[in-house]
Participant: 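Please find one structure pasted underneath; my questions will follow.
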Amino acid sequence: MAHGVAGGASAICRCPHDAGRATLLSRPGHRLRVLASSVPPPAIEGQGVELSVTTRRGRVLPVLKDCSLRVPPGQLWMLLGPNGCGKSTLLKVLAGFLNPSAGTVYINRPCSYVFQNPDHQVVMPTVESDVAFGLGKLNLSLDEVRSRVSQSLDAVGMLSYSQRPIQTLSGGQKQRVAIAGALAEASKVLLLDELTTFLDEYDQMGVIKAVRNSVAAGGEVAALWVTHRLEELKYADGAIYMEDGRTIIQGDVSAISRYIKKKQARYFGHFEL
Ligand SMILES: Nc1ncnc2c1ncn2[C@@H]1O[C@H](COP(=O)(O)OP(=O)(O)OP(=O)(O)O)[C@@H](O)[C@H]1O
């Protein structure tokens, strides 16, 4: 599903509710389960998340029916599933853009959401100024801003592009600048919605490497990446597979890859002549 930028002036949109380290979301009157405090907290956790939308004709449509997931810090996880199964909606609930009708969400903060369309991602005239843009609100010294900008650009392999005008970048390079913006703001969670849909293989690899470097550096950043591309699974530390508004299976990448391939083989088997 294609999205426009819902807010924020750069490649990324900072998730709402950024005051604390983690947020527990629930609507009043719906069930709320407080997560055990003795277990080291995951970076991202959802339990029994449900979400319904009301259509223009007043019909209540369940989009998320039962979603649970857990992503540890310092890891890249991928979220897969057929078109319309609810991946983007789940990502928006995790980001705090949508309130679940039931269930709980726990997410490390700051958290940033990077959108699919690279042309909606970056707004400042140069790479360096775009990455620095989000730091304006943090009251940092000029030296600190410079250091954060160059470290984040380095993490995504874009340091040598600092002075480049934004409009001269490829789609994947813009995505990497977006990710650098999130890292410069010390985001602990990256929610990434189908970043590679519009990219060629070269740009796709550049973005994957950038995200892998981001989670590897310091071991604190977690990334949840929505994708349709099964071949991207090999770069993940874990995966979650969704169907019809539910998380069906999650954990080991090779097990999930086998699960999806088996499903695809059964599906395509119906069409064999
Ligand atoms: N506001 C809404 N009103 C009506 N239907 C909605 C609304 N938001 C989501 N849906 C429906 O919920 C389902 C899940 O949508 P979502 O975009 O989360 O799926 P997705 O798995 O990300 O799909 P894709 O892989 O095609 O991007 C779809 O059938 C979509 O049409």
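Atoms within each ligand, like the ligands themselves, are counted from 1 in listed order. What you see below is based on every heavy atom in this structure, not just the backbone, and it leaves out hydrogens, waters and symmetry mates.
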Participant: Okay, side chain of Asn213, backbone of Val156: is any donor-acceptor separation there less than 3.5 Å?
Facilitator: no
Participant: Record the part of Leu90 in heavy-atom contact with ligand 1 below 4.0 Å; permitted values are side chain, backbone, both and neither.
Facilitator: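 No part of Leu90 comes within reach of ligand 1.
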Participant: Does Glu243 have more than 12 heavy atoms from other residues, nucleotides or ligands lying within 6.0 Å of its CD?
Facilitator: yes
Participant: Is Val53 close enough to touch ligand 1? Criterion: a residue heavy atom under 4.0 Å from a ligand atom.
Facilitator: yes
Participant: Of the backbone atoms (N, CA, C, O) and the side-chain heavy atoms from C-beta on, which set of Val63 has a member under 4.0 Å from an atom of ligand 1: side chain, backbone, both, or neither?
Facilitator: side chain
Participant: Would His228 count as a contact residue for ligand 1, given that I'm defining contact as a non-hydrogen atom of the residue lying under 4.0 Å from a ligand atom?
Facilitator: yes
Participant: Which of the numbered atoms in ligand 1 are under 4.0 angstrom from any heavy atom belonging to Thr89?
Facilitator: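 Atoms satisfying the 4.0 Å criterion: 15 (O), 16 (P), 18 (O).
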Participant: Do any N or O atoms from the side chain of Asp154 and from the backbone of Leu159 form a donor-acceptor pair under 3.5 angstrom?
Facilitator: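 No, Asp154 side chain to Leu159 backbone: no donor-acceptor pair under 3.5 Å.
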Participant: I'd like the name of whichever of Gln116, Lys87, Glu194 reaches closest to atom 20 (P) of ligand 1 through any heavy atom.
Facilitator: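 Minimum heavy-atom distance to atom 20 (P) of ligand 1 goes to Lys87.
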Participant: For the atom pair NZ (Lys261) and CG (Leu230), what is the distance rounded to the nearest 0.5 Å?
Facilitator: 5.5 Å
Participant: State whether Lys137 and Glu185 are salt-bridged, where the test is any N-O pair (Lys NZ or Arg NE/NH1/NH2 against Asp/Glu carboxylate O) under 4.0 Å.
Facilitator: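 Judged by the 4.0 Å cut-off on N to carboxylate O distance, Lys137 and Glu185 do form a salt bridge.
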Participant: Below 4.0 Å from any atom of ligand 1, is there a heavy atom belonging to Gly81?
Facilitator: no
Participant: Can you tell me how the ring of Phe97 sits relative to the ring of Phe115, calling it parallel under 30°, perpendicular over 60° and tilted otherwise?
Facilitator: parallel
